[in-house]
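Following: one structure in structure tokens, then a few remarks.
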Amino acid sequence: MDRIRIVGGARLTGTIPISGAKNATLPLMIASLLTEEPLILENVPRLADVIQLQRILGNHGVDVMINGKRPGDDPNAGRTITLSAKTIVDTTAPYELVSKMRASFWVVAPLVARMGEARVSLPGGCAIGTRPVDLLIMALEALGADIEIDGGYVIARAKKGLRGGEINFPKVTVGGTHTALMAAALARGTTVIENAAREPEIGDVADCLNKMGAKITGAGTARIVVEGVARLSGARHSVLPDRIETGTYAMAVAMTGGDVLLQNARPELLQAALDVLVEAGVQVTPTNEGIRIARNGAGLSPVTVSTAPFPGFPTDLQAQLMALMTRAKGTSRITETIFENRFMHVQELARLGARIRLDGDTATIEGVDRLKGAPVMATDLRASVSLVIAGLAAEGETTVNRVYHLDRGFERLEDKLAACGAAIARISE
Ligand code: UD1
């Protein structure tokens with residue numbers, strides 16, 4: 001199994017290109033199930049989760065084509081993929097496939113909307129709390145689907161098609177909102193989604209669905225209205241930049257010091273995180289090309305932060321911020337409000353010398369003068385990358401085990417950091 005080896009201490013300088021967003025790519029790929037015509041997605045990142053979803057969609061009969069490059073094209077630019085769901089050959093998403101990635105459960109919505117039935121295994125995914133799907137099921141029921149749970153599978157049926165309805169989420173849910181949008185797009189009549197997630201990836205998917213002929217207004221606000229249509233067509237759509245990758249590298253630069261342009265990054269996608277970095281003493285400069293992050297000389301100030309749904313501070317940057325705050329001058333507090341049990345990085349950061357106390361959903365971090373390299377391992381995607389950030393500042397050698405978590409969500413992480421001067425390499429065995 002691959003490992004990442006880091007020798008800490010190098011400052012980061014240069015340019016890091018930001019890839020297309022994983023959390024938009026996955027639902028966009030799933031949206032291809034809604035139409036018989038080809039959906040062309042540009043700026044798709046090379047990630048293990050994307051490959052896994054190709055397998056899952058292939059099982060339903062989706063033909064996935066990855067376009068080749070022309071001479072002179074940047075070999076690392078995002079890919080263009082074409083997904084054609086002309087014929088759905090199977091409406092079952094089996095356990096072996098769905099258990100590897102939670103978002104694949106979302107296929108339930110386009111399958112039941114287009115085919116009138118879906119049989120989808122209850123999901124697995126990152127080990128960060130229980131992560132139920134009750135709200136996704138509630139949304140489908142509100143649109144007229146009959147739901148049965150049998151042998152670990154959710155069976156959704158709507159033999160006469162879905163019909164528009166009112167969905168009022170008691171809690172903000174990204175997956176619930178994606179599910180509701182995809183199902184409502186092909187339902188008869190009007191659907192109103194209240195307390196919808198406002199994450200930028202929801203807006204990106206709604207834009208793509210509208211290009212496919214859907215009638216969605218209000219995406220990006222808490223109230224989305226969908227006028228159902230009888231059929232959707234193909235479209236071409238470019239995936240928006242990854243705000244979590246952007247925030248992660250911003251924190252890496254804040255950690256090591258230096259000056260890096262995060263190319264293609266868009267500040268409005270992560271303003272809350274950028275504000276926290278400014279409060280910590282980091283220079284953040286939006287430019288025409290992206291966002292410049294710099295820290296020269298000045299130490300880091302501690303911060304107090306709670307995660308929240310967008311536009312709040314994202315839970316997907318919580319672990320990275322915690323790594324950063326291990327080196328602040330003073331005491332920081334980070335409260336996790338979205339997922340219980342999303343603190344698995346704490347004990348691994350402690351192995352590098354961090355001083356962190358956990359009290360329920362709040363971590364108190366006493367900044368230390370130095371971290372020392374050690375072998376570490378992580379159990380989820382964002383926790384793994386927080387260990388990389390800590391390793392970049394730790395004295396000596398840090399090896400991060402179980403790199404497959406990183407490969408799920410970060411494209412060429414070690415190449416991007418090494419190009420800016422980090423001593424980081426993948427060790428393949
Ligand atoms: C998505 C993101 C993930 C991010 C999370 C929160 C993707 C592929 N994944 O995950 O990276 O960390 O949003 O921003 O986009 N909940 C329920 N019942 C449900 C559904 C959710 O109680 O049926 C709860 C969850 O346990 C959690 C909260 O709602 O406490 C938010 O979860 P949700 O927004 O649905 O996260 P995901 O869509 O799984």
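Computed from a predicted structure; not experimentally measured. One-based numbering along the sequence shown. Side chains included, hydrogens not; waters and symmetry mates left out as well; all remaining heavy atoms used. Note that ligands are numbered from 1 as they come in the structure, with each ligand's atoms numbered from 1 the same way.
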Between E336 (side chain only) and A319 (backbone N and O only), is there a donor and an acceptor less than 3.5 Å apart?
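No, E336 side chain to A319 backbone: no donor-acceptor pair under 3.5 Å.
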
Considering [options] one by one, which has a heavy atom nearer to [atom] than any of the others?
atom: atom 24 (C) of ligand 1; options: R382, M138, K171, H178; answer: K171
atom: atom 22 (O) of ligand 1; options: A308, P314, P132; answer: P132
atom: atom 38 (O) of ligand 1; options: G175, G409, G176; answer: G175

Considering the heavy atoms of [X], write down every atom of ligand 1 situated less than 4.0 Å from one of them.
X: I338; value: 27 (C), 30 (O), 31 (C)
X: L136; value: 20 (C), 23 (O)
X: R102; value: 39 (O)

Qualifying residue for salt bridge (charged side-chain N to carboxylate O under 4.0 Å, His left out) with E37, from R231, K86, K211
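With E37 as partner, salt bridge (charged side-chain N to carboxylate O under 4.0 Å, His left out) holds for just one option, R231.
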
How about I356 and T364: do any of their side-chain heavy atoms sit closer than 4.5 Å?
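Counting from C-beta outward, I356 and T364 never come under 4.5 Å.
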
Would you check whether [X] reaches within less than 4.0 Å of ligand 1, judged by its heavy atoms?
X: V172; value: yes
X: W106; value: yes
X: A197; value: no
X: R342; value: yes

Do the side-chain N and O atoms of [X] and [Y] include a donor-acceptor pair separated by under 3.5 angstrom?
X: Q320; Y: T248; result: yes
X: E117; Y: T91; result: yes
X: T315; Y: R342; result: yes
X: H345; Y: D380; result: no

What part of T173 sits under 4.0 Å from ligand 1 if we count only heavy atoms: the side chain, the backbone, both or neither?
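For T173, the contact with ligand 1 is made by both the backbone and the side chain.
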
Counting only heavy atoms closer than 4.0 Å, does ligand 1 sit against the backbone of E201, its side chain, both, or neither?
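Neither part.
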
Might you work through the side chain to side chain donor-acceptor pair (under 3.5 Å) test for E411 and S19, ending with a clear yes or no?
CA-CA 7 Å; E411 181 174 25; S19 300; 2.5 Å; yes

Any nitrogen or oxygen of [X], side chain or backbone, less than 3.5 Å from one on ligand 1?
X: L135; result: yes
X: T315; result: no
X: V174; result: yes
X: N23; result: yes

Classify the ring geometry of F410 against Y249: parallel below 30°, tilted from 30° to 60°, perpendicular beyond 60°.
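Correct class here is perpendicular.
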
side-chain contact (heavy atoms from CB on, under 4.5 Å) partner of I244, the single match among L269, L317, V385, L381
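Output: one option passes, namely L317.
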
